[in-house]
S.K.: 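Let me give you the structure first, and then I'll get to my questions.
These figures come from a predicted structure and were not determined experimentally.
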Amino acid sequence: QVQLAESGGASVETGGSLKLSCAVSAGHSDLIGCMGWFRQAPGKEREGIAFIDPAGLTNYADFVKGRFTISRDNTDNTLDLQMDSLKPEDTAMYYCASAGGGWYRCPGLVLRHFSYWGQGTHVTVSS
């Protein structure tokens, strides 16, 4: 069982920065696997933003490449998302997720592979 709790959401202006954090609780770190950040804007489907495996290999959606940076600390069991150059279209509820111990590598994983989710933290970017 993996439990996740996001924090750091806020309202910022266009061009601003935010850092989201996710506290991860698991019986054993091997249970966590690939982790990712997703977001969901009102009226839209949840979409994947950035992913990182336990070895630190990362993948990003094209629309955040160069602006967002995902990182994880396997000792402290935290997952972060540094968001820079924020745009109004980044406004959404942001979720961290874990695919669980059966999914170590991230490439190819989609929404349905992520079994564990946080409650979300909201980001608003004003123009």
S.K.: Can you tell whether the side chains of K87 and D90 come within less than 4.0 Å, N to carboxylate O?
M.R.: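 No, no charged N to carboxylate O under 4.0 Å.
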S.K.: Test of understanding: clusters of I, L, V, M, F, W, Y form through side-chain heavy atoms closer than 4.5 Å, transitively. Do F114 and Y60 belong to the same one?
M.R.: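 Per the 4.5 Å side-chain linkage, F114 and Y60 are not co-clustered.
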S.K.: Can you tell me if Q119 has over 12 outside heavy atoms packed within less than 6.0 Å of its CD?
M.R.: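 Check passes, neighbour count above 12.
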S.K.: Does W103 CH2 have over 12 foreign heavy atoms under 6.0 Å away?
M.R.: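 For W103, atom CH2 is not crowded (no more than 12 foreign heavy atoms under 6.0 Å).
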S.K.: Nearest 0.5 Å, please: how far is OG1 in T58 from NZ in K65?
M.R.: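 Nearest 0.5 Å value for the NZ-OG1 distance: 9.5 Å.
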S.K.: Under a 4.5 Å cut-off applied to non-hydrogen side-chain atoms, are N77 and S25 in contact?
M.R.: no
S.K.: Using every non-hydrogen atom in the two residues, find where I70 and A50 come nearest and quote the distance to one decimal.
M.R.: CD1-O, 3.5 Å
S.K.: What distance separates R67 CZ from S85 OG, expressed to the nearest 0.5 Å?
M.R.: 7.0 Å
S.K.: I would like to know whether W37 and F68 meet ring-ring contact (aromatic ring centres under 6.0 Å, His included); could you show each step before the answer?
M.R.: CA-CA 11 Å; W37 284 96; F68 290 11; 9.9 Å; no
S.K.: Do F51 and L57 share a hydrophobic cluster (ILVMFWY, side-chain heavy atoms under 4.5 Å, transitive)?
M.R.: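 No: no chain of side-chain contacts under 4.5 Å links F51 to L57.
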S.K.: Looking at every heavy atom in both T91 and V125, which two are closest together, and how far apart are they?
M.R.: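 Answer, listing the atom of T91 first, then V125: OG1-N, 2.8 Å.
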S.K.: Could you tell me if the side chain of R72 sits less than 4.5 Å from the side chain of P54, heavy atoms only?
M.R.: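 P54 vs R72: side chains touch.
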S.K.: Where the side chain of E6 meets the backbone of C96, is there a donor-acceptor pair that is under 3.5 Å apart?
M.R.: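 Yes; at least one donor-acceptor contact below 3.5 Å.
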S.K.: Using side chain to side chain contact (heavy atoms under 4.5 Å, CB included) as the criterion, list what pairs up with E13, not counting sequence neighbours.
M.R.: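 E13 satisfies side chain to side chain contact (heavy atoms under 4.5 Å, CB included) with S126 only.
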S.K.: Does one hydrophobic cluster hold both M83 and F63, with members joined at side-chain heavy-atom distances below 4.5 Å?
M.R.: yes
S.K.: Determine whether S7 and T121 make a side-chain contact, defined as any pair of heavy atoms from C-beta on separated by less than 4.5 Å.
M.R.: no
S.K.: Report yes or no: do L109 and L4 belong to one cluster of Ile/Leu/Val/Met/Phe/Trp/Tyr joined by side chain heavy-atom distances under 4.5 Å?
M.R.: no
S.K.: Measuring from atom OG of S115 to atom CD of Q1, what distance do you get when rounded to the nearest 0.5 angstrom?
M.R.: 9.5 Å
S.K.: Where is the tightest heavy-atom contact between I32 and S98, given as atom of each residue plus distance?
M.R.: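 Taking I32 first and S98 second, the nearest heavy atoms are O-OG, 2.6 Å.
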S.K.: How far apart are the closest heavy atoms of D73 and D76, and which atoms are they?
M.R.: OD1-N, 2.9 Å
S.K.: Atom CZ in R39, atom CZ in R46: separation rounded to 0.5 Å?
M.R.: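 So the CZ of R39 and the CZ of R46 are separated by 13.0 Å.
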S.K.: Membership question, hydrophobic clusters at under 4.5 Å side-chain separation (ILVMFWY): are M93 and L81 in the same one?
M.R.: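 Not linked; separate clusters.
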S.K.: To the nearest 0.5 Å, how far apart are CG in N59 and SG in C34?
M.R.: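 These two atoms lie 7.5 Å from each other.
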S.K.: Apply side chain to side chain contact (heavy atoms under 4.5 Å, CB included) to M35 and V24, showing your working.
M.R.: CA-CA 10 Å; M35 296 200 70; V24 184; 3.7 Å; yes
S.K.: Shortest non-hydrogen contact from A97 to F38?
M.R.: CB-CE1, 3.9 Å
S.K.: Return the CG to CD1 distance between N74 and I52, rounded to the nearest 0.5 Å.
M.R.: 8.0 Å
S.K.: How about Y95 and Y116: are their ring centres within less than 6.0 Å of each other?
M.R.: no
S.K.: Are a donor atom and an acceptor atom from the side chains of D80 and Q82 found within less than 3.5 Å of each other?
M.R.: no
S.K.: Is the number of heavy atoms from other residues, nucleotides or ligands under 6.0 Å of E47 CD greater than 12?
M.R.: yes
S.K.: Which pair of non-hydrogen atoms, one from G9 and one from L20, has the smallest distance, and what is that distance?
M.R.: N-CD2, 3.6 Å
S.K.: With sequence neighbours excluded, what pairs up with Y94 under the ring-ring contact (aromatic ring centres under 6.0 Å, His included) test?
M.R.: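 Per chain and number, Y94 pairs via ring-ring contact (aromatic ring centres under 6.0 Å, His included) with no residue.
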